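See below for the structure under consideration.
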2 protein chains.
Amino acid sequence: MRKKTRENTNESAVTRLRQAGLRPTRQRNELADLLFRDGNRHLTAETLHAEAVNRGIRVSLATVYNTLHQFTHVGLLRQVMVDATRSYFDTNTVEHQHFYYEEDGTLADIPGSDIGVANVPDAPNGTKVSRVDVVVRLRRN
Amino acid sequence: MRKKTRENTNESAVTRLRQAGLRPTRQRNELADLLFRDGNRHLTAETLHAEAVNRGIRVSLATVYNTLHQFTHVGLLRQVMVDATRSYFDTNTVEHQHFYYEEDGTLADIPGSDIGVANVPDAPNGTKVSRVDVVVRLRRN
DNA sequence: CAATTACTTTAGAATTATTCTAATGTAACT
DNA sequence: AGTTACATTAGAATAATTCTAAAGTAATTG
């Protein structure tokens with residue numbers, strides 16, 4: 001017999017949320033489960049919402065947007081900018097860079113941590129570097 | 001006395017358009033003038049439209065969007081992805097990278113051509129690298 | 001160089017992604 | 001258990017961008 005949702009929820013998700021200072025609500029727990037269950041993922045709000053609905057999780061698109069942004073704020077997710085039309089979120093928050101498949105609008109982590117940026121100039125006066133993003137855009141040949 | 005608009009139009013704009021295979025229409029000529037008159041610029045469709053209207057150029061926002069995309073297609077402009085909410089276009093199409101001021105959503109070229117990406121991995125099977133974008137995100141400190 | 005044709009521009013409607021709002025629900029604290 | 005502060009929600013609102021179909025203009029033709 002299937003346990004109730006709450007009991008099903010991965011305890012690590014709850015812990016994760018607590019540590020991040022976010023109240024572990026049903027939807028946050030279940031979304032966190034989805035997000036962090038199978039390794040690194042790149043997804044949009046629409047994608048995650050569809051997936052959640054498919055698995056029978058009752059959650060509105062608005063909440064998915066809220067949750068993604070909250071998770072991003074507390075460092076559980078990272079937002080990746082590659083496409084003018086949609087926002088991607090990445091479950092891998094460790095410093096790493098991306099391949100972007102222009103044809104199908106798909107993202108992939110660049111394997112290994114070999115890639116590096118050389119000679120990054122000093123940040124202009126009064127500013128500091130908050131992040132260096134590298135996107136290697138790929139096209140079919 | 002002021003010459004008529006057509007005669008005012010920078011001849012190089014017309015040439016530029018012809019070479020790119022774009023019919024040099026009034027709006028394209030005038031927008032090209034604005035875009036390429038003073039060096040490197042980073043602008044959005046809204047920005048350019050406002051500027052054009054300010055200078056008395058009659059052009060619709062739709063045409064500005066069309067024109068920016070056409071110019072981008074033929075390599076006269078380059079689209080820069082840094083902000084989920086707006087699309088920036090860059091009049092500098094030579095390989096170079098950007099500073100992005102997170103607070104005010106402003107873009108600037110990284111001076112010099114020192115910056116480089118090391119150890120870019122091979123493009124996955126069946127693909128080739130079309131471009132490598134680097135964005136150094138800055139925050140006030 | 002006037003007529004024809006093909007490509008452009010335009011206003012406004014439509015679409016898409018995202019955010020807002022105000023009512024309802026729920027976790028956490030007393 | 002009751003209260004309070006924070007979350008969720010549906011749907012409306014907004015913002016950026018694209019579409020559409022009619023009107024305009026550059027280029028080509030005879």
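Throughout, protein chains are lettered first and strands after them, A, B, ... in sequence-line order, and every chain is numbered starting at 1. From a predicted model like this one, the values you see are computed outputs, not experimental measurements.
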Residue pairs involving residues 52-76 of chain B (criterion ring-ring contact (aromatic ring centres under 6.0 Å, His included); sequence neighbours excluded): B/H69-B/F89
Side chain to side chain contact (heavy atoms under 4.5 Å, CB included) assessment of B/D90 paired with B/L77: CA-CA 6 Å; B/D90 189 340; B/L77 292 176; over 6 Å; no
Short side-chain N/O contact from B/H69 to OP1 or OP2 of D/dT17, under 4.0 Å: no
What's A/T44 touching, base or sugar-phosphate or nothing? Going by heavy atoms closer than 4.0 Å. nothing
Taking only residues two or more places apart in sequence, or in another chain, which ones meet A/T93 in a side chain to side chain donor-acceptor pair (under 3.5 Å)? none
By side chain to side chain contact (heavy atoms under 4.5 Å, CB included), A/V74 pairs with (sequence neighbours left out) A/A20, A/L22, A/L76
Using a 4.0 Å cut-off on protein heavy atoms (strictly under), produce a 5'-to-3' string for nucleotides 2-11 of chain D with B for base contact, S for backbone-only sugar-phosphate contact, and - for none. ---BBSSBSB
Show every donor-acceptor pair shorter than 3.5 Å between a side-chain atom in residues 51-58 of chain A and any protein atom, with sequence neighbours excluded, or say none if there are none.
unit_1, atom_1, unit_2, atom_2, d
A/E51, OE1, A/R41, NH1, 3.3
A/E51, OE1, A/R41, NH2, 2.9
A/E51, OE2, A/R41, NH1, 3.1

Which residues pass the side chain to side chain contact (heavy atoms under 4.5 Å, CB included) test with B/N119, not counting sequence neighbours? A/D114
Quickly work out the A/L48 CG to C/dT18 P distance and round it to whole Å. 13 Å
Roughly, in whole Å, what's the span from CG in B/L17 to P in D/dA26? 13 Å
Please state how far atom CD in A/E46 lies from atom P in C/dT19, giving the value in whole angstrom units. 12 Å
From CG of B/L68 across to P of C/dT8 the rounded distance in Å is 15 Å
Hey, is the side chain of A/Y65 poking within less than 4.0 Å of OP1 or OP2 on C/dT19, counting only N and O atoms? no
Does A/R86 make a side-chain N or O approach to OP1 or OP2 of D/dA16 shorter than 4.0 Å? no
For B/F71 and C/dT8, give me the distance from atom CZ to atom C1', rounded to whole Å. 13 Å
Measure CE/A/M81 against P/D/dA16 and give the value in whole Å, please. 15 Å
Rounded to whole angstrom units, what separation is found between the NE2 atom of A/H49 and the C1' atom of C/dT16? 16 Å
Would one find a side-chain N or O of B/S87 under 4.0 angstrom from OP1 or OP2 of D/dT17? yes
